[in-house]
Colleague: 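This is the structure I want to talk about, given as structure tokens.
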Amino acid sequence: MPRTPSLRRECLAILLRRPRPSAALVASHPPGQRFTTANGPVTSVLLPVVLVGLMGDVPLSLVIVALCHPTHPWLVHALIAAFGLYAVGWALAARSVVAAVPHVIDDHQLWIGGSIRHSGKLPRGAMVRAVPVQGSRHAWAATQGVAMRDTLRMSELDPPNLAIELDAGAMTGVELLRNGKPLPPRRWLLLYADHPSELVRLATRKDATALAGEAATIS
């Protein structure tokens with residue numbers, strides 16, 4: 001079952017130059033076609049944005065000390081610096097996990113990656129169709145007549161650009177997790193992929209076993 005690695009352990013592994021938990025997780029994925037999720041509009045600029053944001057921490061720290069006149073000004077500086085370093089560590093680990101863990105699809109299933117909290121496994125028999133998402137998910141839902149309560153966003157950082165419709169009568173084998181805990185499936189799963197068009201095409205193909213059964217019936 002696919003899972004999401006701990007961001008804390010991922011960050012420590014990066015700093016200590018040890019094998020990353022995300023790499024070990026990917027090694028457990030089945031063989032199949034992989035779709036990266038590392039070049040989204042948010043993920044691709046996440047670390048630079050956080051680093052630029054840190055430039056405001058030094059003047060902020062000085063302003064707080066000047067206005068409040070604390071007894072221990074060094075403590076204010078230390079706390080703001082700690083929050084800044086925590087933000088950098090989080091962004092570094094999140095970027096590493098999203099870049100390392102792709103979506104994987106084969107003849108029988110789709111393993112969902114590209115997330116720091118969500119993971120999942122979808123049998124082909126449970127997937128009715130996959131469609132691209134243009135613009136925001138709310139605009140897409142309104143256009144398609146889909147209620148937001150029937151959707152589940154599986155990518156936290158980047159806006160989803162594809163949606164997979166699940167068959168309510170074929171949920172056996174569907175496994176969804178959030179922070180390692182089981183998550184009830186919904187009719188639509190919203191994902192992000194760097195190249196969604198090919199994943200949309202492959203996700204709507206039927207399971208190889210079902211195709212073989214149909215071929216036998218026709219013959």
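Side chains are part of it too, since the values below use all heavy atoms of this structure and drop only hydrogens, waters and symmetry mates.
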Colleague: Quick one: salt bridge (Lys or Arg N to Asp or Glu O under 4.0 Å) pairs with a partner in residues 14-40, sequence neighbours left out?
Modeller: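 For residues 14-40: none.
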
Colleague: What pairs with S22 under side-chain hydrogen bond (donor to acceptor under 3.5 Å, both in side chains), at least two apart in sequence or on another chain?
Modeller: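 Listed in chain order: E10.
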
Colleague: Rounded to the nearest 0.5 Å, what separation is found between the CG atom of L177 and the OG atom of S119?
Modeller: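 With rounding to 0.5 Å, CG (L177) is 4.0 Å from OG (S119).
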
Colleague: Considering only residues two or more places apart or on different chains, which pairs with a residue in residues 4-50 satisfy ring pair (Phe, Tyr, Trp, His ring centres under 6.0 Å)?
Modeller: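 Non-adjacent pairs meeting ring pair (Phe, Tyr, Trp, His ring centres under 6.0 Å): H29-W111.
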
Colleague: Hey, does S115 have a side-chain heavy atom less than 4.5 Å from the side chain of V98?
Modeller: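 Sidechains of S115 and V98: no contact.
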
Colleague: Let me check something: any side-chain donor-acceptor pairs from residues 160-168 under 3.5 Å, sequence neighbours excluded? List them with distances.
Modeller:
| from | atom 1 | to | atom 2 | distance (Å) |
| --- | --- | --- | --- | --- |
| N161 | OD1 | A193 | N | 3.1 |
| N161 | ND2 | A193 | O | 2.8 |
| E165 | OE1 | R129 | NE | 2.7 |
| E165 | OE2 | R187 | NE | 3.1 |
| E165 | OE2 | R187 | NH2 | 3.0 |
| D167 | OD1 | G169 | N | 3.0 |

Colleague: For L7, check side chain to side chain contact (heavy atoms under 4.5 Å, CB included) against everything at least two apart and list the hits.
Modeller: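 For L7, the residues satisfying side chain to side chain contact (heavy atoms under 4.5 Å, CB included) (neighbours in sequence not counted) are W90, A93, V97, I116.
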
Colleague: Taking only residues two or more places apart in sequence or in another chain, which ones pass side-chain hydrogen bond (donor to acceptor under 3.5 Å, both in side chains) with N179?
Modeller: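 Checked N179 against side-chain hydrogen bond (donor to acceptor under 3.5 Å, both in side chains); zero matches.
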
Colleague: Just by distance, do the side chain of H118 and the backbone of R178 share a donor-acceptor pair under 3.5 Å?
Modeller: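 Pair absent, no side-chain N/O of H118 close to backbone of R178.
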
Colleague: H195: which residues meet the ring pair (Phe, Tyr, Trp, His ring centres under 6.0 Å) condition with it, sequence neighbours left out?
Modeller: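 H195: no ring pair (Phe, Tyr, Trp, His ring centres under 6.0 Å) contacts found.
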
Colleague: Are the side chains of I14 and L92 in contact, using a 4.5 Å heavy-atom criterion?
Modeller: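 Yes; the side chains approach each other to less than 4.5 Å.
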
Colleague: Which other residues belong to the hydrophobic cluster containing V49, where Ile, Leu, Val, Met, Phe, Trp and Tyr are joined when side-chain heavy atoms lie under 4.5 Å apart, directly or via other members?
Modeller: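 Members alongside V49: V45.
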
Colleague: For residues 135-143, which side-chain N or O atoms pair as donor and acceptor with protein atoms under 3.5 Å away, sequence neighbours left out?
Modeller:
| from | atom 1 | to | atom 2 | distance (Å) |
| --- | --- | --- | --- | --- |
| S136 | OG | A139 | N | 3.1 |
| T143 | OG1 | A139 | O | 2.9 |

Colleague: Could you pull out all residues at least two apart from E156 that satisfy salt bridge (charged side-chain N to carboxylate O under 4.0 Å, His left out)?
Modeller: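 Per chain and number, E156 pairs via salt bridge (charged side-chain N to carboxylate O under 4.0 Å, His left out) with no residue.
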
Colleague: Could you tell me whether the side chain of P5 reaches within less than 4.5 Å of the side chain of L25, counting heavy atoms only?
Modeller: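 Side chain of L25 against side chain of P5, heavy atoms only: contact under 4.5 Å found.
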
Colleague: Hydrophobic clustering (ILVMFWY, side-chain heavy atoms < 4.5 Å, transitive) - are W188 and L176 grouped together?
Modeller: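 No; tracing contacts between hydrophobic side chains, which count when under 4.5 Å, never links both residues.
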
Colleague: Only counting residues at least two apart or in another chain, list the ones meeting side-chain hydrogen bond (donor to acceptor under 3.5 Å, both in side chains) with S6.
Modeller: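 S6 satisfies side-chain hydrogen bond (donor to acceptor under 3.5 Å, both in side chains) with no other residue.
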
Colleague: Main chain of T4, side chain of R117: is a donor-acceptor contact present, judged purely on distance under 3.5 Å?
Modeller: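 Judged by distance alone, no pair lies under 3.5 Å.
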
Colleague: Indicate yes or no: at least one non-hydrogen side-chain atom of H103 is less than 4.5 angstrom from one of L191.
Modeller: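 Yes, close enough: below the 4.5 Å cut-off.
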
Colleague: Should Q33 and V104 count as side-chain neighbours, where that means a heavy-atom distance under 4.5 Å?
Modeller: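 Not touching, per the 4.5 Å side-chain cut-off.
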
Colleague: Please list, chain by chain and in numerical order, all residues satisfying side-chain hydrogen bond (donor to acceptor under 3.5 Å, both in side chains) with T43, sequence neighbours excluded.
Modeller: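 Scan of T43 (side-chain hydrogen bond (donor to acceptor under 3.5 Å, both in side chains), adjacent residues dropped) gives D158.
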
Colleague: Is there a side-chain contact between L199 and L110, using heavy atoms and a 4.5 Å cut-off?
Modeller: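 L199 reaches L110 side chain to side chain.
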
Colleague: Supply the atom-to-atom distance Q109 CD to L122 CG, rounded to the nearest 0.5 angstrom.
Modeller: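 Between Q109 CD and L122 CG, I get 9.5 Å after rounding to 0.5 Å.
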
Colleague: Do side-chain atoms of R95 reach the backbone of A38 as a donor and acceptor pair under 3.5 angstrom?
Modeller: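 At least one qualifying donor-acceptor pair exists.
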
Colleague: Heavy-atom distance under 4.5 Å between the side chains of Q144 and V131, does that happen here?
Modeller: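 Side-chain contact under 4.5 Å: no.
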
Colleague: Are any of the side-chain heavy atoms of M171 and P185 separated by less than 4.5 Å?
Modeller: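 Answer yes - side chains close enough.
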
